[in-house]
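Take a look at the structure set out below.
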Amino acid sequence: MASNLNISQQKGSDVFYDVCCSVCEEDGIHNEGLFHCKICLKTYCNECVKMHKKLLKDHAVSSKSDGESWYVANKVDDTIELCEEHTTERLTMFCEDHEQLLCHLCLLLKHRQCSKVFTLAEQAKSNSQRIPLVQVTKGIEKSQKRLKDMVDRGKNNIKSLKASYEQICEEILDERRQINENLDRLQQNTIRELESIHERLNNSIKDDTKRCLDCISKLKIYGAKLKDNILPERTFITLRKCIDQTAAADLLLKRMIKNDGTDIKFQPNRELIQCHADCTDLGKIIIGDPQHNVDPNKIVSIEDKSEYNVRTATDKSVCAITGICTTSNGDLVIADWNNTCVKLLNQAYKVIDQVQLPTTPWSMCSISSFEMAVTVSKSIADALNGIHLLRVDDGKIIRKQVLKMNHVCYGIAHVDAEVFVTSGNALYEYTMDGRLVKKLYEDRTALFQVEGVGVSPDGKRIYVADNNDGMLRTLTRDGTVTATFQYPAFKNGWITANIHVAATGQAFVFGNKSISQVDTVGKTILNTISVVRPSSVYFNEETRKLIVGCWSHNNINEFKTKTVPTF
């Protein structure tokens with residue numbers, strides 16, 4: 001018995017007992033209760049009862065080996081015959097209609113209309129052959145085993161939950177560190193600008209002061225010379241210089257008076273303050289719900305399709321939607337290539353605002369909940385090439401900033417505090433203030449070899465699409481190509497940033513006639529959706545909707561989807 005007890009203590013709850021040792025159970029150990037103290041009203045195992053007898057010698061202790069005199073037998077006998085609903089009433093009947101044990105209150109309140117109600121004595125006689133004891137015993141053992149397995153799973157889940165909790169705490173700290181780094185960068189940029197302006201104004205005041213002193217000195221000298229008796233020619237020269245110097249002094253005084261009292265002030269970035277004020281957290285904590293945590297390699301299957309007209313009265317051409325983003329409140333922002341503009345759509349797909357761009361928009365990506373970036377370029381490098389940063393505020397599109405680029409800009413993707421931009425032949429990595437980090441990838445074998453770009457949600461994989469050869473390349477963050485996948489359906493006759501990676505990790509590449517869902521490795525087609533001349537794709541992870549824009553088409557397509565596992 002001692003060895004069995006030791007095993008039980010080591011394994012915790014590997015064995016189930018009718019009655020457990022009260023002392024061991026307080027420590028989370030399940031040992032069999034073999035002794036009972038009628039004064040303490042506790043049960044003890046072989047080891048714990050020794051300590052109890054030593055400390056409390058006058059307490060009467062009964063043993064399980066005493067048989068019917070032990071309290072457990074009487075307790076079980078007493079409680080097993082009581083109704084679970086009416087806990088003070090004894091069970092006396094059985095209802096075959098509902099297969100339920102009854103006390104007299106059960107019969108009066110719920111079973112008066114039942115036709116097959118028998119006393120327990122009658123039921124015991126007729127039931128002895130119908131439910132074999134062996135079968136019930138096996139069922140009990142099976143249920144106990146399943147429950148034990150679930151207890152073990154619960155323990156493992158607690159460990160896993162703790163690990164995920166600690167990991168998320170680290171991720172929250174990392175998020176805070178990134179925010180702090182960005183705020184440090186903004187502070188440094190603002191202080192640099194302050195120092196530059198202060199130095200410029202300070203030098204300007206010093207220069208003006210020096211000019212004033214020079215004018216005073218010259219006018220003093222000229223004035224003194226006019227009082228001397230000198231030749232007429234020298235008098236005329238002095239007089240002329242006095243007039244010129246006085247005119248120069250007047251101009252200097254006018255300019256200095258205009259700038260007199262020049263001061264510098266600080267105007268806070270209200271958008272930044274409001275953005276922080278609008279946020280309620282650093283990120284969402286999501287429980288392991290399959291509806292929210294979508295396996296990126298599950299197939300996105302189409303269930304239904306709707307179309308919505310997004311052409312406005314001011315549009316001069318048929319629409320061509322080359323970029324799609326969504327805000328956190330469910331509004332859509334789309335880039336219209338043919339009409340060189342960006343439009344804001346409400347949740348009913350009605351255009352509620354529209355802003356013009358200097359030239360054609362090629363692609364769009366989300367920067368934050370209400371901010372997005374759109375690439376704007378002609379097909380050749382010129383002064384209009386750049387990334388336009390926009391913000392949606394109170395139903396309006398606000399122009400924030402333009403990052404000028406010295407190359408054509410087609411595809412764009414964002415992760416962390418950096419953006420990835422394609423030029424047709426190369427992939428570049430930039431900071432959010434437009435500074436080049438490095439050129440990650442280049443292919444100059446032909447035009448338009450590097451157009452579409454997407455980044456996995458964790459930022460570890462970059463996908464680059466090649467329209468000419470129908471090629472998808474998967475890169476690491478340092479630009480190393482880890483996979484190359486050629487597929488005829490990827491070919492596109494139009495210059496198109498033809499890839500979208502959703503926040504769920506789902507990757508979509510589109511060609512002339514279809515949209516292909518690709519696995520995260522970038523080597524397998526999971527599903528193909530037939531669409532004529534798609535020009536942009538966006539997968540909304542909240543609504544489970546796939547939004548598709550097309551070349552020369554006024555309608556935007558909404559596909560309702562479901563995900564199915566891959567086998």
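For the numbers below, each heavy atom of this structure counts, side chains included, while hydrogens, waters and symmetry mates do not.
By the 4.0 Å N-to-carboxylate-O rule, K438 lies too far from E418 to be salt-bridged with it. Checked for salt-bridge contact, R177 and E175 miss the test: no charged N lies under 4.0 Å from a carboxylate O. By the 4.0 Å N-to-carboxylate-O rule, E558 lies close enough to K545 to be salt-bridged with it. A salt bridge does not link D394 with K396: every distance from a Lys NZ or Arg NE/NH1/NH2 to an Asp or Glu carboxylate oxygen is 4.0 Å or more. A salt bridge between D149 and R153 is absent, with no side-chain N of the basic residue lying under 4.0 Å from a carboxylate O of the acidic one. Salt-bridge check for K148 with E141: failed, with every basic side-chain N at 4.0 Å or more from each acidic carboxylate O. Salt-bridge check for D519 with K523: failed, with every basic side-chain N at 4.0 Å or more from each acidic carboxylate O.
At a threshold of 4.5 Å between non-hydrogen side-chain atoms, the residues L91 and L102 do not count as touching. For the pair K110 and Q100, the minimum side-chain heavy-atom distance is 4.5 Å or more. The closest side-chain heavy-atom distance from L272 to L186 is below 4.5 Å. Side-chain contact between L82 and T88 is absent, with no heavy-atom pair separated by less than 4.5 Å.
Side-chain N/O atoms of S22 and T43 include a donor and acceptor closer than 3.5 Å.
Taking the centre and axis of the six-membered ring of F94, the NZ or CZ atom of K116 falls outside the cone set by 45° and 6.0 Å.
Taking the centre of each ring, H500 and Y538 come in below the 6.0 Å mark.
Taking both residues in full, the closest heavy atoms of M364 and I334 are given as CE-C, 4.0 Å, listed atom of the first, atom of the second, then distance.
Results of the ring pair (Phe, Tyr, Trp, His ring centres under 6.0 Å) test with F490 over F510, F485, F508 single out F485 as the only residue that passes.
The structure places NZ of K400 at 7.0 Å from CG of N269, a figure rounded to the nearest 0.5 Å.
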